[in-house]
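In what follows, a structure is listed as structure tokens, so that the remarks can point back to it.
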Amino acid sequence: MIVVLAAGAAAGAATAALPDANATALDRYLDGLKSLRTAFTQTVTNARGMQTEAGAGTLVVLRPGKFRGDYQPRAAAAATGAADAPPATDQAASSAPGERGQLLVADGKNLWFYDRELAQVSVKPVAAALSATPVMLLSGSAAQLHDTFDIGAAGSHDGLDWVSVKPRSAEADFSHAELGFAGDRLARMVVNDRLGQTVQLDFQRSERNARVEPSELQFKPPSGVDVIGTPQS
């Protein structure tokens with residue numbers, strides 16, 4: 001379950017950051033960010049505060065608007081070392097019996113979502129997937145983010161400086177998010193979705209402006225899986 005990577009990408013060209021007087025820790029983090037390579041752990045709790053899922057994954061972002069997120073639930077992540085491994089290329093995306101987890105790739109034209117357990121791929125044009133989703137917080141420009149979200153400083157707690165993010169659109173996939181920064185490092189993201197779930201992502205081994213190979217942001221549906229939708233060529 002990739003809640004933070006559920007859908008959506010900012011596809012326009014990067015624009016100038018906001019004036020310093022209005023900048024948050026998120027604006028400062030995105031200033032000069034061209035790419036990001038990171039691992040994360042993810043936990044999901046329901047409206048009663050009970051943990052319902054945990055896992056790990058990797059995320060590669062190439063701004064603006066391209067990314068690759070690979071998530072494995074806990075059992076699969078432990079077996080494959082998902083939080084330590086680099087993101088797979090499309091050549092390594094084949095489906096095998098018993099595979100779990102999801103892969104989400106925005107290649108600049110299409111948004112691909114591959115559910116390994118269901119052996120199913122869905123694809124839609126990136127332009128049709130431009131909704132206020134959490135991944136946009138890392139892949140969009142500062143100006144795009146402030147057009148799409150209400151963003152403001154949210155104080156300090158748990159040793160982190162926090163930024164609050166609320167979508168302006170009622171069609172967004174989440175109701176509220178907070179990003180926690182340790183100095184100039186993004187350490188945590190907490191997302192509240194519209195089903196009452198809370199998703200927490202803790203980022204490790206983040207590499208800012210990392211080298212990203214073109215093949216990492218490409219996807220070819222594995223042989224034998226069902227494909228829903230028609231990709232843009």
Side-chain angles (χ1 to χ4, degrees), residues 1-12 18 22-30 33 36 38 40-57 59 61 63-65 67 69-71 73-74 101-104 106 111 113 115 122 124-182 186-203:
M1 180 178 187
I2 312 179
V3 177
V4 73
L5 303 175
L18 296 180
N22 298 318
T24 67
L26 176 59
D27 297 307
R28 293 189 290 272
Y29 178 77
L30 295 177
L33 182 68
L36 176 69
T38 187
F40 64 88
T41 57
Q42 176 175 298
T43 57
V44 181
T45 56
N46 62 21
R48 297 187 299 276
M50 298 176 58
Q51 182 174 305
T52 58
E53 185 178 329
L59 174 65
V61 175
R63 302 178 71 219
F67 61 86
D70 196 340
Y71 171 77
R74 176 171 285 167
Q102 296 97 31
L103 176 66
L104 189 70
L111 183 70
F113 178 73
D115 189 310
S122 62
K124 62 180 67 176
V126 166
L130 288 175
S131 58
T133 56
V135 70
M136 186 176 175
L137 299 174
L138 299 180
S139 65
S141 71
Q144 288 169 325
L145 294 182
H146 282 270
D147 284 343
T148 309
F149 304 100
D150 287 321
I151 300 176
S156 299
H157 59 85
D158 299 328
L160 302 174
D161 296 322
W162 292 86
V163 174
S164 173
V165 179
K166 295 182 179 180
R168 298 181 187 275
S169 170
E171 301 300 317
D173 294 335
F174 69 104
S175 59
H176 178 246
E178 288 192 343
L179 291 83
F181 295 87
L186 175 62
R188 181 172 296 169
M189 181 186 294
V190 180
V191 180
N192 298 310
D193 72 16
R194 296 195 180 279
L195 300 177
Q197 297 182 119
T198 299
V199 184
Q200 177 172 308
L201 292 100
D202 290 286
F203 299 98

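Bear in mind that the values here come from a model prediction, so they are computed numbers and not experimental data. The figures here come from the full heavy-atom set of this structure, side chains too, leaving out hydrogens, waters and symmetry mates.
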Answer whether the closest heavy-atom distance between the side chains of [X] and [Y] falls below 4.5 Å.
X: L138; Y: L186; result: yes
X: F149; Y: L137; result: yes
X: T148; Y: R168; result: no
X: D27; Y: H146; result: yes

According to salt bridge (charged side-chain N to carboxylate O under 4.0 Å, His left out), who are the partners of D147, at least two apart in sequence or on a separate chain?
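Partners of D147 under the salt bridge (charged side-chain N to carboxylate O under 4.0 Å, His left out) test: none.
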Mind listing the closest non-hydrogen atom pair of [X] and [Y] along with its distance?
X: D70; Y: F40; result: O-CZ, 4.3 Å
X: F67; Y: L104; result: CE1-CD2, 3.5 Å
X: A106; Y: L111; result: CB-CD1, 3.8 Å
X: L33; Y: Y29; result: CB-O, 3.8 Å
X: P167; Y: S175; result: CD-O, 3.4 Å
X: V199; Y: L201; result: CG1-CD1, 3.9 Å

When rounded to the nearest 0.5 angstrom, what is the spacing between [atom1] in [X] and [atom2] in [Y]?
X: T43; Y: Q200; atom1: OG1; atom2: CD; answer: 5.0 Å
X: D202; Y: M189; atom1: CG; atom2: CE; answer: 11.0 Å
X: D193; Y: T198; atom1: CG; atom2: OG1; answer: 7.5 Å
X: R48; Y: Q197; atom1: CZ; atom2: CD; answer: 11.0 Å
X: R188; Y: T41; atom1: CZ; atom2: OG1; answer: 8.5 Å

Among residues at least two apart in sequence or on other chains, which ones pass side-chain hydrogen bond (donor to acceptor under 3.5 Å, both in side chains) with [X]?
X: D161; answer: S156
X: E178; answer: none
X: T52; answer: none
X: N46; answer: none

Ring geometry between W162 and H157 (parallel below 30°, tilted from 30 to 60°, perpendicular above 60°):
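Answer is parallel, since the angle falls under 30°.
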For T38, what residues pass the side-chain contact (heavy atoms from CB on, under 4.5 Å) criterion, not counting sequence neighbours?
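side-chain contact (heavy atoms from CB on, under 4.5 Å) list for T38, sorted by chain: L36, L59, F203, S206.
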Looking at V190, N192, V191, which one forms a side chain to side chain contact (heavy atoms under 4.5 Å, CB included) with H176?
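Only one of V190, N192, V191 forms a side chain to side chain contact (heavy atoms under 4.5 Å, CB included) with H176, namely N192.
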